[in-house]
Amino acid sequence: MLPDLDALEASLLNKSGNVKLDARFRTLFTLKGLASLSEDRMERVIDIISKGFDDDSALLKHEMAYVLGQLKDTRALACLNRILSDEKEHAMVRHEAAEAMGAISSPEALPVLNTYLHDPDVSVRETCHLAINKIELDNSSTGKEEQALKEQRDKAHGDAIDAAARAAAPIDPAPAIVRVPDSKDEENVYTLKNVARFRDTLLDTNLSLFDRYRAMFALRNTVQQGGKDAEAPAVLALADGLRDGSALFRHEICFVFGELCHPVSVPAMTKVLNDVQEHEMVRHEAAEALGGVVEEADDDAAHAQAIETLKRWADDAQAPRVVRESCVVALDEMACTWGADADNNDPTQFQPMDSVQAEGSE
């Protein structure tokens, strides 16, 4: 029997006033899964999520905007337009709304995205730039050719399990590079020999942010598809990007590490989370990435380091709220996965102690 949408709405919106944050996150992703079952369910799920943006948790609102984009339905654009246009909203949420518009990839979103290309917050400006470029590429003949080439390679190199995983994979804010010089179109370009080339593009600040993001996702694909020898070099190439001046760029690298769950990324993510001077948006993604490594990677040393770091910041009342909440949610997911000791990982021990601070421009 499918979960009841009324009950899920009550949980996500915390109508009782006592639904914990981790449970609301799980509800959100349950709704995401149900949305694909029918047009009516999709419309209802979009409506439910759209009601949730009065909440005081920027982390939850950011995640709701993300899910609306991943639904890839133009009916979500009205809500996302409203969130992006609300200059009193937390910048992390506005950035995610802009990115979600790019994920939906409808030209309908271009006017509002162009409006905020000059927003006072740099993360919003940069995200609008990325979303505009993605929409324009996706809807061009070049973009359609690249998508066809990607699908051809996926079919040639994948199997049924891989295809299912790809179908559930997040929609990237920029498509990975699919062509490199001196390679035949049908060849897999995500190999060890191209890591240095992708790294050079990733770190070249003379290129557009969109092109550098494409290299970022090419390196991610190389970790996933390039064989064992390519994994660590591609992860370390991505880690080099954490020295970049853009917090948005650094945050996306942390997001990619969360997708990969590779133990080689743990030192870099730990350093990011422990850096009190780092932007809260970046530290939040590092926390989630560490949680992913602990859940997925088979490396006891990486597990111990990640858990210690997450617990430290979950309990630190001086840390930004989005950082603390990210650590708590990550620890809770581990507890659900492993049946861990509730005394150590119980998210009910966490109570927000400060209001969300608005992000300024960098």
Side-chain angles (χ1 to χ4, degrees), residues 1-35 41-71 76 78-80 82-84 86 88-97 100 280-281 283-284 287-288 291 310-311 313-337 339-359:
M1 180 181 295
L2 293 174
D4 179 70
L5 286 172
D6 289 339
L8 291 171
E9 178 176 354
S11 173
L12 181 68
L13 304 184
N14 192 16
K15 291 184 176 180
S16 68
N18 57 15
V19 184
K20 302 301 180 183
L21 186 64
D22 55 281
R24 298 171 73 191
F25 267 67
R26 288 194 290 274
T27 296
L28 176 61
F29 284 93
T30 299
L31 286 166
K32 177 178 179 287
L34 291 173
R41 285 184 179 274
M42 176 68 77
E43 185 172 8
R44 178 74 191 284
V45 167
I46 290 171
D47 178 65
I48 291 171
I49 296 173
S50 297
K51 294 175 181 177
F53 287 92
D54 290 333
D55 200 86
D56 66 355
S57 170
L59 183 68
L60 180 64
K61 290 186 288 186
H62 142 279
E63 207 72 17
M64 290 192 294
Y66 169 78
V67 167
L68 286 178
Q70 296 299 303
L71 295 178
C79 175
L80 294 169
R82 173 172 58 84
I83 299 307
L84 176 58
D86 182 1
K88 295 180 181 179
E89 180 58 87
H90 195 289
M92 193 171 83
V93 183
R94 296 180 65 217
H95 129 75
E96 200 64 47
E280 63 183 346
M281 176 171 64
R283 295 178 72 197
H284 132 72
E288 294 199 356
L310 288 167
K311 286 183 176 178
W313 293 108
D315 294 335
D316 191 325
Q318 301 305 312
R321 180 175 172 180
V322 294
V323 174
R324 286 186 283 119
E325 288 185 342
S326 296
C327 292
V328 169
V329 170
L331 288 166
D332 175 75
E333 290 303 318
M334 294 173 214
C336 290
T337 301
D341 180 4
D343 288 337
N344 291 329
N345 285 344
D346 184 358
T348 63
Q349 301 296 319
F350 171 78
Q351 296 294 332
M353 298 180 68
D354 58 347
S355 59
V356 177
Q357 296 178 350
E359 295 176 22

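When a residue number appears, it is its place in the shown sequence, counting from 1.
Across every non-hydrogen atom of Trp313 and Arg324, the tightest pair is O-CG, 3.2 Å. In this structure, Phe53 and Met64 approach most closely via the heavy-atom pair CZ-CB, 3.8 Å. Between Arg94 and Glu89, the shortest heavy-atom distance links the atoms CD-O, 3.6 Å. Minimum heavy-atom separation, Leu68 to Ser50: CD1-OG, 4.5 Å. Ser57 and Glu325 get closest at one heavy-atom pair: OG-OE1, 2.9 Å. Here the shortest heavy-atom pairing between Ala65 and Leu80 reads O-CD2, 4.1 Å.
Taken from CD in Gln70 to NZ in Lys32, the straight-line distance is 6.0 Å, to the nearest 0.5 Å. In this structure, CG in Leu34 is found 13.5 Å from CZ in Phe29, a value given to the nearest 0.5 Å. In this structure, CG in Leu331 is found 11.0 Å from OG in Ser326, a value given to the nearest 0.5 Å.
The side-chain heavy atoms of Leu2 and Arg41, taken from C-beta on, include a pair separated by under 4.5 Å. No side-chain heavy atom of Glu63 sits less than 4.5 Å from a side-chain heavy atom of Val329. Contact of the Leu28 side chain with the Ile49 side chain is registered, since non-hydrogen atoms from C-beta on lie closer than 4.5 Å.
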| field | Verdict with reasoning, His90 to Glu280, per side-chain contact (heavy atoms from CB on, under 4.5 Å) | value | CA-CA 12 Å; His90 195 289; Glu280 63 183 346; 3.4 Å; yes
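Ion pairing of Lys51 with Asp47 is present here, as a side-chain N (NZ or NE/NH1/NH2) and a carboxylate O approach within less than 4.0 Å. Between Lys15 and Glu9 there is a salt bridge, since at least one side-chain N of the basic residue sits less than 4.0 Å from a carboxylate O of the acidic one.
The aromatic rings of His284 and His62 sit perpendicular to each other, their planes meeting at more than 60°, with 30° as the lower class boundary.
With sequence neighbours excluded, the residues satisfying side-chain hydrogen bond (donor to acceptor under 3.5 Å, both in side chains) with Arg24 are Asp55. In this structure, Glu288 has no side-chain hydrogen bond (donor to acceptor under 3.5 Å, both in side chains) partners at least two apart in sequence or on a different chain. Residues passing the side chain to side chain contact (heavy atoms under 4.5 Å, CB included) test with Thr27, sequence neighbours excluded: Leu8, Ser11, Leu12, Leu31.
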